[in-house]
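Residue numbers start from 1 in every chain, and the chains themselves are labelled A, B, ... in the order their sequence lines are given, proteins ahead of strands.
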Amino acid sequence: MSQQLSEQELLRRQSLEELNNLGINPYPPEQFEVNTTTQDLHEKYESNPAAFSNVKIAGRIMGRRIMGAASFTEIQDEKGRIQLYIKRDDICPDEDKTLYNTVFKKLMDIGDIIGVEGFAFVTQMGELSIHVKSLKLLSKSLRPLPIVKEKDGQVYDAFTDPEQRYRQRYVDLIVNPQVREGFIKRTKIINTMRNYFNSFGYLEVETPILQPIPGGAAARPFITHHNALNMPLYLRVANELYLKRLIVGGFTGVYEFAKDFRNEGMDRTHNPEFTVMEIYVAYKDYHWMMEFTETMIEKVALEIHGTTKVTLGNQTIDYQKPYRRVRLLDAIKEHTGFDLTPMNEDEVRNVCKTLGLEVDETMGKGKMIDEIFGEKCEHNYIQPTFIIDYPVEMSPLTKKHRTDEGLTERFELFVNGKELANAYTELNDPIDQRERFQEQLRLSEKGDDEAMFIDQDFLRALEYGMPPTSGMGIGIDRLVMFMTNQETIQEVLFFPQMRPEKKADVTTDEDFMELGIPQPWVDLVRKAGINHLKELKNQNPNKLHGQLCGLKKKMKLDLQNPTPEEVKSWIEKVG
RNA sequence: GAUUCCGUAGCUCAGCUGGUAGAGCAUUUGACUUUUAAUCAAAGGGUCCCGAGUUCGAAUCUCGGCGGGAUCACCA
């Protein structure tokens, strides 16, 4: 099955052939050595023009203005654009003007990648340009790019359709420089964090993505199957339990930038695979981790924006440390008026009903408290705030609070009303941990389909002894969204998950020709309104024969009419 | 998953109460040696997402499907 090509695509394929006929390889194998970049030129030309008297630069053609024997062309490299001034008699000093008249003007298009050599100068209009002395095609582009134009900051014909931008991110990156900028910031954020961790001597590690038991978080996993072992494996929902095994093994601090996978809903803040950074540090507690975390985020903001104040939607978030610490039950008391501290499960259930929250019998006290906080409090925390000291029931991997009965030493960092990070003083008491897992099992039997599995090997590791440890996890995609002022996760992932593209059921010219229809007649068959094989199948042969001969006459084409038998054979061949 | 909006040329979009399509940019041809959303002149380009129905006639109306956006729900 061949592609149906548009007019412009056909023309570019013809250009490709003509280039080959002229002895020009449209995809040359040898390297093209550049000695400058658009960024270099724009930053350094003014102070030292002499340094740019012989430049070699490569990029993609993004715009052309041709005026007879001289032309202006814009090329784009990774960092920006530069204008080229191409004069016929400069690139074609001899009699033969083919390179300019044919190759450059006719056979090259917007989207082609070229390399040029020349000298930098400033035009009468004041624009830094390169006066080209030689020109080489490095890669021919066969598809027309969306043409985005811009004047005085006003963008015309912007390429904005989200579906096309996400499905063809490469095109998005070519024509929308701000998209490229956003992804560069993403990497900068990650690098800033990595440098920060490394400055403490913590070790970056890798742990299994395929796990026999999907532990460390309450979430629905993707399930797959290993053929050789003939057993199910899960894509990890978290890497917590593996990183803690490494702390047991004697590392002081370990961290991983990890892809996690959750088989749950997709929307503008959830992608089935997403990136989380988790870090575990021995001999620390959650108070230390709060300070560590706010320092880290402040650094990231400064690195990206040069200030701690960052715009997010119509808010300004100030990431300057220290952040407020609010106990979870105090937050609930403040926003609902109810003090849940002395209450048992039934009393909390009644509070939920009073607040108009949907609860059922399978929900334990912890889950209901989580529900109240999520519904009534969470959205209030716009500026970075640590919510601390969560109930035991909702924190099965967290150490019990040193003074407050029924609570754990856990914090979550909220920004713009959303959870950004989650951390504990880790539970390292193997007996307690086993009981907590068993409690999860009871919840699961009660009908909670998110309760955690028991990981026996993890318990065995804890039984050898894990130092007191604090761990923290932070959603990288969400952090990038906050730092780059994006509202959707799709904007911070190169390739967000999408439904597969559905190919339209198209009948091509070749499909028609396979039936024995000569090429010139295919056009007439289409003119007769037949674009699908199945439409052809339903035709009366004699009627179609007459119709085609009539069309030929009408369009004054010099063709030999097919016989009615031939037309009949086409239709019969459709099968 | 629910509601709602959208799908027309390579791109951005217009197309009224039904009469088989238009614009700008891009493309092609021509003019032009410092232009810059270059300009000027001319031309070509469309299974109007797919399928069924109503109708003499559907891009337009109805139903179903596919894909996407938004809002909500679910979800660490």
Side-chain angles (χ1 to χ4, degrees), chain A residues 4-12 14-15 62-74 81 83-90 100 105-106 109-111 121-129 131 141-168 171 175 216-220 237-238 240 260 262-270 272 274 276 358 370 374 378 394-395 412 418-422 449-450 473-475 478 487-488 490 498-508 526-527 529-532 534-535:
Chain A
Q4 185 82 334
L5 297 176
S6 71
E7 184 198 25
Q8 291 193 45
E9 288 173 299
L10 287 169
L11 278 164
R12 287 183 180 219
Q14 282 169 24
S15 299
M62 297 303 287
R64 311 210 290 169
R65 293 177 286 279
I66 296 177
M67 298 159 300
S71 302
F72 289 93
T73 293
E74 259 179 72
R81 293 188 180 187
Q83 178 171 270
L84 308 179
Y85 176 65
I86 300 174
K87 205 161 125 185
R88 184 184 61 203
D89 297 335
D90 282 348
Y100 183 81
K105 272 172 77 173
K106 300 227 191 297
D109 294 287
I110 289 175
F121 75 109
V122 176
T123 65
Q124 287 175 7
M125 299 299 287
E127 176 147 349
L128 178 59
S129 307
H131 191 125
S141 167
L142 296 181
R143 277 177 191 266
L145 279 175
I147 308 290
V148 181
K149 293 200 168 182
E150 188 231 306
K151 188 189 187 179
D152 302 331
Q154 175 88 21
V155 176
Y156 300 82
D157 299 329
F159 180 65
T160 53
D161 177 29
E163 178 177 1
Q164 287 198 74
R165 289 184 45 235
Y166 303 155
R167 285 197 195 281
Q168 300 188 62
V171 175
V175 303
R220 298 220 309 270
V237 295
E240 168 157 2
D260 286 348
R262 297 189 184 176
N263 205 341
E264 292 164 353
M266 278 170 64
D267 58 33
R268 70 183 200 289
T269 56
H270 297 263
F274 58 102
V276 172
E358 270 183 47
D370 192 31
E378 200 175 279
M394 50 198 282
S395 310
E412 292 191 338
K418 307 221 167 54
E419 180 203 338
L420 179 59
N422 181 19
D449 61 356
E450 289 173 2
I474 180 165
R478 212 166 261 191
E487 287 184 346
T488 71
Q490 286 79 16
M498 308 269 286
R499 280 201 167 79
E501 262 179 290
K502 235 191 99 182
K503 263 198 222 148
D505 179 20
V506 171
T507 301
T508 65
R526 289 192 189 274
K527 279 271 186 306
I530 297 162
N531 276 302
H532 285 92
K534 62 183 173 188
E535 285 169 346

Compare side-chain N and O positions of A:Arg65 against OP1 and OP2 of B:U35 and report whether any pair is under 4.0 Å apart.
-> no

Does any nucleotide pair with B:G64 by Watson-Crick or G-U wobble geometry, both distances under 3.5 Å, and what is it?
-> B:C50

Point-to-point distance, once rounded to the nearest 0.5 Å, from CD of A:Gln14 to NZ of A:Lys106 = 13.5 Å

Within the sub-3.5 Å range, which N or O atoms of nucleotides 68-70 of chain B have a protein N or O partner, and how far apart are they?
residue	atom	partner	partner atom	Å
B:G68	OP1	A:Arg499	N	3.2
B:G68	OP2	A:Arg499	NH1	3.2
B:G68	O4'	A:Glu163	OE1	3.1

Can you tell me how far P in B:C11 sits from the matching atom in B:G53, rounded to whole Å?
-> 31 Å

Before accepting this row, confirm whether a basic side-chain N of the pair A:Glu9/A:Arg143 lies closer than 4.0 Å to the acidic partner's carboxylate O.
-> yes

Mind checking A:Glu74 for me? I need base, sugar-phosphate or nothing, with any heavy atom below 4.0 Å counting as a touch.
-> nothing

Pick the C1' atom in B:G45 and in B:A23, then give their distance to the nearest Å.
-> 14 Å

Who are the side chain to side chain contact (heavy atoms under 4.5 Å, CB included) partners of A:Thr123, not counting sequence neighbours?
-> A:Phe72, A:Gln83, A:Phe121, A:Met125, A:Glu127, A:Ser129

Whichever of A:Thr160 and A:Ile66 has the more 5' nearest nucleotide on RNA chain B, that residue is A:Thr160

Between B:U35, B:C75, B:A37, which nucleotide gets closest to the side-chain atoms of A:Met67?
-> B:U35

Does A:Glu419 offer a backbone N or O that forms a donor-acceptor pair with the side chain of A:Arg478 under 3.5 Å?
-> yes

Base-pairing assignment for B:C40 (Watson-Crick or G-U wobble, both under 3.5 Å) | B:G30

With the threshold set at 4.0 Å, does a side-chain nitrogen-carboxylate oxygen contact exist between A:Arg81 and A:Glu74?
-> yes

Report yes if a donor N or O on one partner sits less than 3.5 Å from an acceptor N or O on the other, where the partners are the side chain of A:Asp267 and the base of B:C74; otherwise report no.
-> yes

Polar-atom pairs under 3.5 Å, protein N or O versus N or O of nucleotides 4-7 of chain B: list them with distances, or write none.
none

Nearest-Å distance once atom P is located in both B:C48 and B:A58 | 12 Å

Is any side-chain heavy atom of A:Pro144 less than 4.5 Å from a side-chain heavy atom of A:Arg12?
-> yes

Pick the C1' atom in B:C66 and in B:A52, then give their distance to the nearest Å.
-> 15 Å

Rounded off to whole Å, could you give me the CD-to-C1' distance for the A:Gln83 and B:U33 pair?
-> 14 Å

Starting at the 5' end of RNA chain B, which residue's closest nucleotide do you reach first, A:Ala69 or A:Gln164?
-> A:Gln164

Nearest 0.5 Å please: distance from the CD1 atom of A:Ile110 over to the CD atom of A:Gln8.
-> 9.5 Å

When rounded to whole Å, the CG to C1' distance for the pair A:Leu142 and B:G10 reads 14 Å

Rounded P spacing from B:U47 to B:U62 in Å = 25 Å

Is there a side-chain contact between A:Val175 and A:Met62, using heavy atoms and a 4.5 Å cut-off?
-> yes

Distance between P atoms of B:A2 and B:G44 (Å, rounded) | 48 Å

Base-pairing assignment for B:C16 (Watson-Crick or G-U wobble, both under 3.5 Å) = none

Separation between the C1' atoms of B:U20 and B:G15, rounded to whole Å = 13 Å

With a 4.0 Å cut-off on heavy atoms, is A:Ala158 in touch with a base, just the backbone sugar-phosphate, or nothing at all?
-> sugar-phosphate

Take atom C1' in B:G46 and the same atom in B:U8, then report the distance between them in whole Å.
-> 8 Å

Does A:Arg88 have any side chain to side chain donor-acceptor pair (under 3.5 Å) partners at least two apart in sequence or in another chain, and if so, which?
-> none

How about A:Ser71 and A:Tyr100: does a side-chain donor come under 3.5 Å of a side-chain acceptor?
-> yes

Given B:A37, B:U33, B:U35, the nucleotide with the shortest approach to the side chain of A:Lys151 | B:A37

Round to the nearest Å and state the distance from A:Met125 atom CE to B:U39 atom C1'.
-> 13 Å

Identify the nucleotide, in any strand shown, that forms a Watson-Crick or G-U wobble pair with B:C25, with both distances under 3.5 Å; if there is none, say none.
-> B:G10

Here the gap from A:Gln168 atom CD to A:Leu145 atom CG, rounded to the nearest 0.5 Å, amounts to 10.0 Å

Rounded to the Å, how far apart are A:Leu84 CG and B:U36 P?
-> 17 Å

Sort and list the pairs that fulfil side-chain hydrogen bond (donor to acceptor under 3.5 Å, both in side chains) and have at least one residue in residues 148-163 of chain A, not counting sequence neighbours.
-> A:Glu163-A:Arg167

Is the shortest heavy-atom distance from the side chain of A:Thr73 to the side chain of A:Ile86 under 4.5 Å?
-> yes

When the distance from CG of A:Leu10 to C1' of B:G44 is rounded to whole Å, what number comes out?
-> 13 Å

With both distances under 3.5 Å as the test, what is the Watson-Crick or G-U wobble partner of B:G1?
-> B:C72

Taken to the nearest 0.5 Å, the spacing of A:Asp260 CG from A:Glu240 CD works out to 10.5 Å

Atom CG of A:Asp260 and atom C1' of B:C75: how far apart are they, to the nearest Å?
-> 15 Å

For A:Gln154 and B:U36, give me the distance from atom CD to atom P, rounded to whole Å.
-> 18 Å

What integer distance in Å separates A:Phe72:CZ from B:C32:C1'?
-> 13 Å

Please list, pair by pair, any protein nitrogen or oxygen found under 3.5 Å from a nitrogen or oxygen in nucleotides 26-29 of chain B.
residue	atom	partner	partner atom	Å
B:A26	OP1	A:Lys149	NZ	3.1
B:A26	N3	A:Gln8	NE2	3.2

